Number of protein chains: 4
Amino acid sequence: MAKKKGQKFNQIIDAAVSVIAENGYHNSQVSKIAKKAGVADGTIYLYFKNKEDILVSLFEEKMGVFVQKSKERLAEQETIEDKLYTLIEMHLCQLEADHDLAIVTQLELRQSNIALRNEINEVLKAYYGLIDHIIDEGVEQGVFPHSLNKRVARQMTFGAIDEVVTNWVMKDMRYDLVELAHPLKEMIFHGLKQSKTG
Amino acid sequence: MAKKKGQKFNQIIDAAVSVIAENGYHNSQVSKIAKKAGVADGTIYLYFKNKEDILVSLFEEKMGVFVQKSKERLAEQETIEDKLYTLIEMHLCQLEADHDLAIVTQLELRQSNIALRNEINEVLKAYYGLIDHIIDEGVEQGVFPHSLNKRVARQMTFGAIDEVVTNWVMKDMRYDLVELAHPLKEMIFHGLKQSKTG
Amino acid sequence: MAKKKGQKFNQIIDAAVSVIAENGYHNSQVSKIAKKAGVADGTIYLYFKNKEDILVSLFEEKMGVFVQKSKERLAEQETIEDKLYTLIEMHLCQLEADHDLAIVTQLELRQSNIALRNEINEVLKAYYGLIDHIIDEGVEQGVFPHSLNKRVARQMTFGAIDEVVTNWVMKDMRYDLVELAHPLKEMIFHGLKQSKTG
Amino acid sequence: MAKKKGQKFNQIIDAAVSVIAENGYHNSQVSKIAKKAGVADGTIYLYFKNKEDILVSLFEEKMGVFVQKSKERLAEQETIEDKLYTLIEMHLCQLEADHDLAIVTQLELRQSNIALRNEINEVLKAYYGLIDHIIDEGVEQGVFPHSLNKRVARQMTFGAIDEVVTNWVMKDMRYDLVELAHPLKEMIFHGLKQSKTG
DNA sequence: GATGAATGAGGCTTCATTCAT
DNA sequence: GATGAATGAAGCCTCATTCAT
């Protein structure tokens, strides 16, 4: 069962996002996903190791595309501040544009057990890399202080954005998310900029 | 079945923290918790509505004590910066002091379904109140700008701290957590302080 | 799940013999056995580790009773020849008296995998012991030659009886089984008696 | 789908013996056998009706060759005793020479359901014929008594040999099997010879 | 209040077989 | 003849919860 990214692979991924967003992970039976994808139950297992693997693959797939697009857009930005803003805006934009995906990544994906959580973390590393790169550049250019604790900086950055998105999802996405990109950027950018050595 | 906070209530809460930290939420059967607590399975249901209620109650209990202590300590602080630092330090301190509790709150508690997540969020509101209070005071005193988006500010603050703790837990708590209170405070404080209107 | 030989334990054993004899092991769903036994599906698992364990326990139970009764009857016999005859007759008698049990032991029990087969063999050792005892006595008394290969003698004895019973079951138990005890005894007894050293 | 005994037919038979001996019947998926045989899954169904048919055909094939060879060798023997010895020795010899086949015939083949068991019995009839022929001749020549219950005699003979082989397989074939041909012949020959009328 | 034996719903996954190419 | 992707039926077992004692 090598990961054959055929047409059905994507059919199943898309069906999974839709079904899980609607029913929640624990109430999304494999048969339900298969039906929505228009394939037989057994076919799922030609493309995925097991039910959890659907979740991981789904996240890998979406994250892969997002990171790729982000890299391209980030390369076009001149300043650190613009890069940070761009990353945040793209993050919010993608999830605002796909409510189902937002529900899945912010709520359902986290109901998974530790083993799965670790796999998800592996996938996240590519995204962490984007943040790390901005921070590194900022320090090199003297925008951020040399004494900056980079690891904490990255965790803080990710945690802040993620929490804002999660709150938006839990409030049933009733307000505009992308317009929070500006205040988020402001706080994170100045937070990193002014940090003083301990 | 009013919440009878007898001796067994706490026995069961403590057993739950220990059992869930060791076995993970999905492998912590009610019977396992009962055995560890030294009571019969059925007795659990004299003190808790159902299995999820153990989790919520556990969180309520621990959070209640924490918020109470925090309020007292915060009242002793003079400046906004000190209050912020104190809150962060107490947060990190409490979880560093109780690894089992840290595992449960950062990892296991989140594997719960949406309904439970909402209940947990209710409990969190008391904690959010502490942050909100600091932010409000900061704005009143002119330490933070009037244009500050307070809701986003609170979400960002909580998200940053929470993500730092979660990373620490997922790295098997192999480094010192409390010493991250300083960089965290720095970044959050300056982030809130320098935010410019959009 | 200690083996609690309560009333339900036997209820389930008896239901299993009946259901398996009628439907075959692989078509005897646990739910079918539970229904016949008048208990809930889950109750089965309070008394048995898994489905296979029902089979092993069933065999242990029946074999235990049989070996016990046989020992008593064998002690009453004077000669080796009488002991041998008694054992064979009791063996055939028990199975002729319980057709369901005969089907289960001769056909269904053997469809099990190797792991289970080994467990069954363990149970059989008690029965092997009865044969060994007769052979040993026969050799001591000089009825059987000292040069007798005792292990092969026991295997041959068991194999001969077992094959006769299996054929009877596969012929739908359409003829009298117990009356074959005499020819079986004759052949086995003289076979052991006259064996010459190689 | 007439039995096309092409090259692939034998390739598949051999692969089946090897795969089943290694993995056990219930863990020998058609796809695994196909892979070992170097053909596609679907190809199996050009040569065999279904999975069970592989087993039956395998047994037919091996037994056919064995019976043929045995007939020839038996024809060369002068006495009944020699014939009996020859048959037993060939039986043991063949299985000692092919451990995989021994595992399959003594253990795995028996895990099949009743329907298959009946088909296997059909194949066995050719072998039973060899034993019957020796017994008939023995009675005609006066070596065995006229009162001999021939059917029981044959069952006993087969059961004895079969049980000895099965024990050898279950003991991981750790001792010499062929040398048991002599004691087996002794016991069976004398058993048949001295049987007295009931 | 405390017990713990009994309940029974519910779903992931395997794998023999088919059939369009 | 040969392929192998797709099918879909079918069942063991867990475990939160109850209730008679």
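We name chains A, B, ... by the order of the sequence lines, and we start the count at 1 in each one. The model shown is predicted, which means the values in this text are computed figures rather than measured ones. Just the heavy atoms: all of them, side chains too, but no hydrogens, waters or symmetry mates, feed the values below.
Contact between Ile13(C) and Ile54(C) at its shortest, heavy atoms only, is CD1-O, 4.4 Å. The shortest non-hydrogen separation linking Ala21(D) to Val104(D) is N-CG2, 4.0 Å. When all heavy atoms of Lys51(A) and Tyr45(A) are compared, the pair lying nearest together is N-OH, 4.4 Å. Nearest heavy-atom pair, Met63(A) versus Leu124(A), reported as atom, atom and distance to 0.1 Å: CE-CD2, 3.7 Å.
Separating the CD atom of Gln7(C) from the P atom of dA5(E) is a distance of 15 Å, rounded to the nearest angstrom. The separation between Ile44(D) atom CD1 and dC19(E) atom C1' is 17 Å, rounded to whole Å. Taking atom CD1 of residue Ile12(A) and atom P of nucleotide dA5(F), one finds them 14 Å apart after rounding to whole Å. Following rounding to the nearest Å, Phe9(D) (CZ) and dA2(F) (C1') show an atom-to-atom distance of 18 Å. The distance between atom CZ of Phe48(C) and atom P of dC12(F), rounded to the nearest whole Å, is 15 Å. When rounded to the nearest whole Å, the span between OH of Tyr25(C) and P of dG11(F) equals 13 Å. One can place CG of Leu55(D) at 11 Å from P of dA16(E), the figure rounded to the nearest angstrom. Rounded to whole Å, the distance from NZ on Lys35(A) to P on dT7(F) is 15 Å.
Surrounding NZ of Lys36(C) are at most 12 heavy atoms belonging to other residues, nucleotides or ligands under 6.0 Å away.
Ring geometry for Phe48(B) against Phe9(B) counts as parallel: the plane angle stays under 30°, on a 0 to 90° scale with 60° as the upper cut.
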Would Asn50(D) and Asp53(D) count as a side-chain contact (heavy atoms from CB on, under 4.5 Å) if you check the C-alpha gap in whole Å, the side-chain angles of each, and the deciding distance to 0.1 Å?
-> CA-CA 5 Å; Asn50(D) 50 36; Asp53(D) 190 35; 3.5 Å; yes
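Nearest-nucleotide mapping onto DNA chain E: of Ser31(A) and Gly38(B), the residue sitting toward the 5' end is Gly38(B). When each of Ser28(B) and Ala40(A) is assigned the nucleotide of DNA chain F with its nearest heavy atom, Ala40(A) is the one assigned upstream, toward the 5' end.
Applying the 4.0 Å criterion to OP1 and OP2 of dA2(E), one finds that Lys8(B) has a side-chain N or O inside that range.
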All N/O pairs under 3.5 Å across the protein-nucleotides 13-15 of chain F interface:
unit_1: dC13(F); atom_1: OP2; unit_2: Tyr45(C); atom_2: OH; d: 2.9
unit_1: dC13(F); atom_1: OP2; unit_2: Lys51(C); atom_2: N; d: 3.0
unit_1: dC15(F); atom_1: OP1; unit_2: Gln29(B); atom_2: NE2; d: 3.0
unit_1: dC15(F); atom_1: OP2; unit_2: Gln29(B); atom_2: NE2; d: 3.1

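A salt bridge links Asp14(A) to Lys62(A): at least one charged side-chain nitrogen sits closer than 4.0 Å to a carboxylate oxygen.
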How does DNA chain E look in dot-bracket form if you count Watson-Crick and G-U pairs under 3.5 Å, write [ ] for pairs that cross, and put | where a base pairs with another strand?
-> .||||||||||||||||||||
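Side-chain atoms of Asn23(D) and Gln29(D) include no donor-acceptor pair closer than 3.5 Å.
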